[in-house]
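One structure below.
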Amino acid sequence: MNAPVRVRFAPSPTGYLHIGGARTALLNWLWARHTGGKFVLRIEDTDRERSTDEAVAAILDGMRWLGLDWDEGPGVGGPFGPYFQMQRLDLYREYAERLVRGGKAFACYCTKEELDLQREQARAEKRQFIYPGTCRDLPYDPSRRHVIRFRLPKLEEVTFTDLVKGAITRPASTLQDEVIVRADGVPLYNFGAVVDDVTMEINLVARGDDHVNNTAIQVLLYEALGYPVPAFAHLPMILGADKTRLSKRHGATSVTAYRDMGFLPEAVVNYLVRLGWSHGDQEIFTGSELVEHFGFDHVGATAGVFNPEKMVWVNQTWMKSLPPAELAARSLPYYRAAGLEVEGDPRLPEVVRAFQERAKTLVDLVTQSRCFFAPVEMDPKAREKFLGPDAAPILLGIRDGISATATLDAGVLEKLFHDVAAARSLGLGKVAQPVRVALTGGTASPGIYDVVLLLGREESLQRIDAALRLCAG
RNA sequence: GGCCCCUUCGUCUAGCGGUUAGGACGUCGGCCUCUCACGCCGAAAACAUGGGUUCAAGUCCCGUAGGGGUCACCA
């Protein structure tokens, strides 16, 4: 009765892994993991014009980064391979021939040009163009260049059930004898996908919303082939702020771009799943929580607007929750990309801890903490405002205090800063800000005592001395 | 244009006939405070619209409007 779940993600390798594709892959993966089923990755590379090996690599790279491992597919193989459509051509030919022999498909000799002309004519007459069945009853002549068309059965309408949208019905009058195999023998999407889903024993097809209109003809294909129709789940699109389909002009759309911007994969996964799926009021989910709770019954039917601000919040929330050592390890490639070699630096975990709840992304973390691993880059505005002549005596006081103390710790520093402030009847801020600018080059940083401690006595003294010279003019 | 799908705060959503319509992001106030964050407290903010069904409708049905998708020898 209940066969083990087999789902698949079937991208066409025409570009990087798009945010929308990633979500489709993710939900399939979650369902497989939730049910203990199999997650199959299949590459639909039958569009030879646009498919590239680089795109395949980019997609696999994106999926690995998100942690979406596949049970069958490129690299891992599996019992239903190969998992590239261009390596399954014999299979499609066999199934197409079966259809032709059974009278359920036929050879069509119309040329692209003839059909384009007819289409144009129909448009001129404001008529819907539907293939008129020109070659429907012609004898089969393999020597003539031809495509294979599916012979649309006589029926009123086609209905199927969608796990997220419910029953969907389409009048047969809007369907036509689709071409299923090109003249060069390469199958078209509707046919290749069906044959593969049949032979790979896929029993739930979860894919983008933009495929609902293909589903009716596919249902008919399953029936013509004599196989059970799988369950369908059509996932709503991801929109940009203007409510049109998310695209480049809305900003970054590839998952690896988010990696490069310093997002944690956990956060991207978390955000993407929550966009269109919910579990009560919960916002933050670990991977295992997602696997535990995910189900198509709570996938919404409405398209969702991609909200970068919320994704940043999710990312920041995740960064705060990671152990500092873990966060430090994750930040290494980002420091490297910024030209800072911090691996093995004993201060790294402490520095990361100091910025953990201040940074929104890993890139932000690196940017903010830069002054601990590189010379001070003095912000001119900060200098002008906080390193004037009146700052000199304050800096001097702190400088002397630090150099006079044998062992620095937070308690000592707190007393020192308070004493300097009290001696001049100033608020603590009047003392801390000039020192902060002297030590970091800017006006925002972790607590000033932490900054001194992180920098250490010698470096702190040097930086204050340098600032003193600036005060002097 | 035909067909298909969708419609709760600006955004993501909870709701599955009876709720002061809840949460989150963002926004705005306040608290905390050495800066920036974090955290905490509070506020503004939604059932597209018109008809039904029902004692009762955000929840069910129909229409309208709006939005999206799709109409290839692309996927």
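So that the names make sense, note that chain A is the first sequence line, chain B the second, and so on, each numbered from 1. We use all heavy atoms of the structure for the numbers below, so side chains are in, but hydrogens, waters and symmetry mates are not.
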Could you work out the separation of [N] and [M] based on their [atom1] atoms and round it to a whole Å?
{"N": "U53(B)", "M": "A72(B)", "atom1": "P", "value": "44 Å"}
{"N": "G15(B)", "M": "G23(B)", "atom1": "C1'", "value": "12 Å"}
{"N": "C6(B)", "M": "U20(B)", "atom1": "C1'", "value": "30 Å"}
{"N": "G42(B)", "M": "G52(B)", "atom1": "C1'", "value": "42 Å"}
{"N": "A48(B)", "M": "G66(B)", "atom1": "C1'", "value": "7 Å"}
{"N": "C40(B)", "M": "C4(B)", "atom1": "P", "value": "49 Å"}
{"N": "A57(B)", "M": "U8(B)", "atom1": "C1'", "value": "14 Å"}
{"N": "C61(B)", "M": "U54(B)", "atom1": "C1'", "value": "12 Å"}

Check every strand shown and say whether [X] touches a base, only sugar-phosphate, or nothing at a heavy-atom separation below 4.0 Å.
{"X": "R170(A)", "value": "sugar-phosphate"}
{"X": "H234(A)", "value": "nothing"}
{"X": "E44(A)", "value": "sugar-phosphate"}
{"X": "V147(A)", "value": "base"}
{"X": "T244(A)", "value": "sugar-phosphate"}
{"X": "E309(A)", "value": "sugar-phosphate"}

Plane angle bin for [Y] and [X] - parallel if under 30°, tilted between 30 and 60°, otherwise perpendicular:
{"X": "Y16(A)", "Y": "H18(A)", "result": "parallel"}
{"X": "F106(A)", "Y": "Y131(A)", "result": "parallel"}
{"X": "W277(A)", "Y": "F294(A)", "result": "tilted"}

Check: Q282(A) side chain, G23(B) base, donor-acceptor under 3.5 Å: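 Side chain to base: no pair present.
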Base A75(B) to side chain N214(A), donor-acceptor N/O within 3.5 Å cut-off: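 Such a pair exists between side chain and base.
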Footprint string (nucleotides 5-10 of chain B, 5' to 3'): B base within contact, S backbone only, - free, heavy atoms under 4.0 Å: SSS---
Letter per nucleotide, 5' to 3', of nucleotides 32-49 of chain B [B base touched, S only sugar-phosphate touched, - untouched; heavy atoms, 4.0 Å]: --BBBBSS----------
Between [options], which one does the side chain of [X] approach most closely?
{"X": "K310(A)", "options": "C12(B), G1(B), G68(B)", "answer": "C12(B)"}
{"X": "Y189(A)", "options": "G26(B), A75(B), C73(B)", "answer": "A75(B)"}
{"X": "S278(A)", "options": "C73(B), C71(B), U13(B)", "answer": "U13(B)"}

In the structure shown, which nucleotide is the Watson-Crick or G-U wobble counterpart of [N], with both distances under 3.5 Å?
{"N": "G2(B)", "value": "U70(B)"}
{"N": "G58(B)", "value": "none"}
{"N": "C16(B)", "value": "none"}
{"N": "C28(B)", "value": "G42(B)"}
{"N": "A65(B)", "value": "U7(B)"}

Is [X] salt-bridged to [Y], going by a charged N under 4.0 Å from an acidic O?
{"X": "R358(A)", "Y": "D364(A)", "result": "no"}
{"X": "R249(A)", "Y": "D242(A)", "result": "yes"}
{"X": "K165(A)", "Y": "D209(A)", "result": "yes"}
{"X": "E125(A)", "Y": "R123(A)", "result": "no"}

Expressed as a whole number of angstroms, how long is the span from [X]:[atom1] to [N]:[atom2]?
{"X": "I284(A)", "N": "C25(B)", "atom1": "CD1", "atom2": "C1'", "result": "10 Å"}
{"X": "N270(A)", "N": "U13(B)", "atom1": "CG", "atom2": "P", "result": "14 Å"}
{"X": "Y131(A)", "N": "C73(B)", "atom1": "OH", "atom2": "P", "result": "11 Å"}
{"X": "R144(A)", "N": "C73(B)", "atom1": "CZ", "atom2": "C1'", "result": "16 Å"}
{"X": "L115(A)", "N": "C71(B)", "atom1": "CG", "atom2": "P", "result": "16 Å"}
{"X": "D196(A)", "N": "A75(B)", "atom1": "CG", "atom2": "P", "result": "12 Å"}
{"X": "R127(A)", "N": "C3(B)", "atom1": "CZ", "atom2": "P", "result": "17 Å"}
{"X": "N213(A)", "N": "C71(B)", "atom1": "CG", "atom2": "P", "result": "8 Å"}

Indicate whether OP1 or OP2 belonging to [N] is found under 4.0 Å from a side-chain N or O atom of [X].
{"X": "R123(A)", "N": "G2(B)", "result": "no"}
{"X": "R119(A)", "N": "C73(B)", "result": "yes"}
{"X": "T46(A)", "N": "A75(B)", "result": "yes"}

Side-chain H-bond candidate by donor/acceptor type, D162(A) with H234(A), under 3.5 Å: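 H234(A) and D162(A) do have a side-chain donor-acceptor pair below 3.5 Å.
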Residues R274(A) and S278(A): side-chain donor-acceptor under 3.5 angstrom: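 Result is no, nothing qualifies.
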Residue met sooner reading RNA chain B from 5', once T174(A) and V305(A) are mapped to nucleotides: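 Nearest-nucleotide comparison on RNA chain B picks T174(A).
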Nearest heavy-atom neighbours spanning V147(A) and A183(A):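 Result for this residue pair: CG1-N, 3.6 Å.
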Minimum heavy-atom distance between F306(A) and Y258(A), given as atom pair plus value: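 In terms of heavy atoms, the two residues are closest at CE2-OH, 3.4 Å.
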Donor-acceptor contact present, side-chain Q118(A) to main-chain L115(A), <3.5 Å: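 Such a contact is absent between Q118(A) side chain and L115(A) backbone.
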Heavy-atom donor-acceptor pair, D379(A) side chain to T443(A) backbone, under 3.5 Å: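 Pair absent, no side-chain N/O of D379(A) close to backbone of T443(A).
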